[in-house]
J.: 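Below you will find the structure I want to go over with you.
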There are 2 protein chains.
Amino acid sequence: MDEAATRVLDAAECLFYERGIHAVGMDELRSASGVSLKRLYQCFPAKEQVVVAYLRRRHSRWLGEMRAFVEGHEPGSRVAAVFDWLDGWFREPGFRGCAFVNSAGEMGAGSPVVLAVAREHKVAVRGFFGELTGDETLATQLSLLAEGAITLAAVGGDPSAACQAKDAAAVLVDQMLSSSRFRSKSGHR
Amino acid sequence: MDEAATRVLDAAECLFYERGIHAVGMDELRSASGVSLKRLYQCFPAKEQVVVAYLRRRHSRWLGEMRAFVEGHEPGSRVAAVFDWLDGWFREPGFRGCAFVNSAGEMGAGSPVVLAVAREHKVAVRGFFGELTGDETLATQLSLLAEGAITLAAVGGDPSAACQAKDAAAVLVDQMLSSSRFRSKSGHR
DNA sequence: TGCCAGCGAGAACGGTCGTTCTCTACCCTA
DNA sequence: TAGGGTAGAGAACGACCGTTCTCGCTGGCA
């Protein structure tokens, strides 16, 4: 990837997330990145492609950082670690919710490709919970809690949502463990 | 309230929710509602006030409909009924997620009043769960599940999120009941 | 009947957007 | 040194936005 494109995406990641997509014009992207308008349009023939590239890169970074944090914990406490990581994120200055949900809400109705990128992100998050738990149902339920926490932390302005979600997640994990132990011990049929 | 204002809000509720706020201009609001631009600006001196009024009215309707549905069920199955109601909502044609989350994501960064209305909505939803359960912690956890279900149904395009959330909610409610029974029976101290 | 306040229709205005074009300066090659 | 292709700076363009203004009409009242 071009170094100019990287600078554009750096600027886009700050500005789009902070103020929303339609509130940031190409001119502002230009002045913030120091990349001329001509070159900007050589890298990204339209604004929508800047948005898509911004979201794709943010997806890699976000999931990578979460994964690195979680995998630094014992296997038995990794689900809880996810919510600890979310808690740290919620308390960062400038936290404004999920970039993918915000972008999809803003452009999704008129831009199927942005909606698709957001969807891929959510599928990947659920997949990560699947890796952690090895159980599809539990993975979905945990991703529900995580999504809810992100939404309530952003819109509700309450970072403690992560902690509440962590407690609920512990209950769900316990329940799943005991029910699967029960199933394997009783071995029905 | 003026009948013209009602017609404007009817149009706004359809258009803003379906296509997003900044994608719908005042001219389109005028033609869709049949209210002249002059009168529209008499009712709402700026677009932001249309947005706020739209959100407030939607909040009343949405919570009212959910409440009516839930209160038509036995007290013991009302938490589950919330998620049944969400399931029906998710399957409606044109479902596009939470209007408050979408609006806050689109305008929240530049419009504190819109963010505040969205926040009030989320507080009210949590309060409703509080009425149902009589337990603050459980209410928060259930609202996390509900918010997560809305997000995943909208962005992930998966209406079955409501069903998954319902199952998780049942686990959390059971756990809460058994732990409080335990506490009252053992009567610690 | 004459008059005036209020209305709707839509033009007008200033601003901003995404995108393209122009022009100038520069660098690499011959 | 001469020339041509490239890049940057920024003007230009057409479209659209939110908002205001104009203007002709209407309908109630003296």
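Every chain is numbered from 1 and lettered A, B, ... according to where its sequence line falls, protein lines coming before strand lines. Reckoned from all heavy atoms, side chains included, excluding hydrogens, waters and symmetry mates.
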J.: Are any of the side-chain nitrogens in R61(B) or E65(B) under 4.0 Å away from the carboxylate oxygens of its partner?
T.: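 The answer is no: the pair does not qualify as a salt bridge.
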J.: Salt-bridged, D87(A) to K166(A), with N to O below 4.0 Å?
T.: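 A salt bridge is absent here (no side-chain N lies under 4.0 Å from a carboxylate O).
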J.: Inspect the contact between E13(A) and R58(A) and indicate whether a charged nitrogen and a carboxylate oxygen are less than 4.0 angstrom apart.
T.: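 Salt bridge present between R58(A) and E13(A).
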J.: Just the rounded figure in Å: distance from C1' of dG18(D) to CZ of R30(B).
T.: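 That distance rounds to 14 Å.
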J.: How close or far is atom C1' of dG18(D) from atom CZ of F16(B), stated in whole angstroms?
T.: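 It is 12 Å, rounded to the nearest whole Å.
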J.: Between L40(B) (CG) and dG10(C) (P), how many Å, whole number?
T.: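 About 15 Å, once rounded to whole Å.
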J.: For nucleotides 12-20 of chain C, list the nitrogen or oxygen atoms of the protein found under 3.5 Å from its nitrogen or oxygen atoms, one pair per line.
T.:
from, atom 1, to, atom 2, distance (Å)
dG18(C), OP1, K47(A), NZ, 2.2
dG18(C), OP2, M26(A), N, 2.8
dT19(C), OP2, Y41(A), OH, 3.0
dT19(C), OP2, K47(A), N, 2.9
dT19(C), O5', Y41(A), OH, 3.4

J.: Separation of R39(A) atom CZ from dG5(D) atom C1', in whole Å?
T.: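 In whole Å, dG5(D) C1' lies 15 Å from R39(A) CZ.
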J.: Do NZ/NE/NH1/NH2 and the carboxylate oxygens of R126(B) and E131(B) come within less than 4.0 Å?
T.: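 Not counted as a salt bridge, because no side-chain N and carboxylate O are separated by less than 4.0 Å.
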J.: Given atom CG of L29(B) and atom P of dC16(D), what is their separation to the nearest angstrom?
T.: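 The answer, rounded to whole Å, is 17 Å.
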J.: Could you check whether E147(B) pairs with K122(B) (Lys NZ or Arg NE/NH1/NH2 to Asp/Glu carboxylate O, under 4.0 Å)?
T.: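 Yes, charged N to carboxylate O under 4.0 Å.
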J.: Run the salt-bridge test on D158(B) and R119(A) with the 4.0 Å N-O cut-off and return the result as yes or no.
T.: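 So D158(B) does not pair with R119(A) through a salt bridge.
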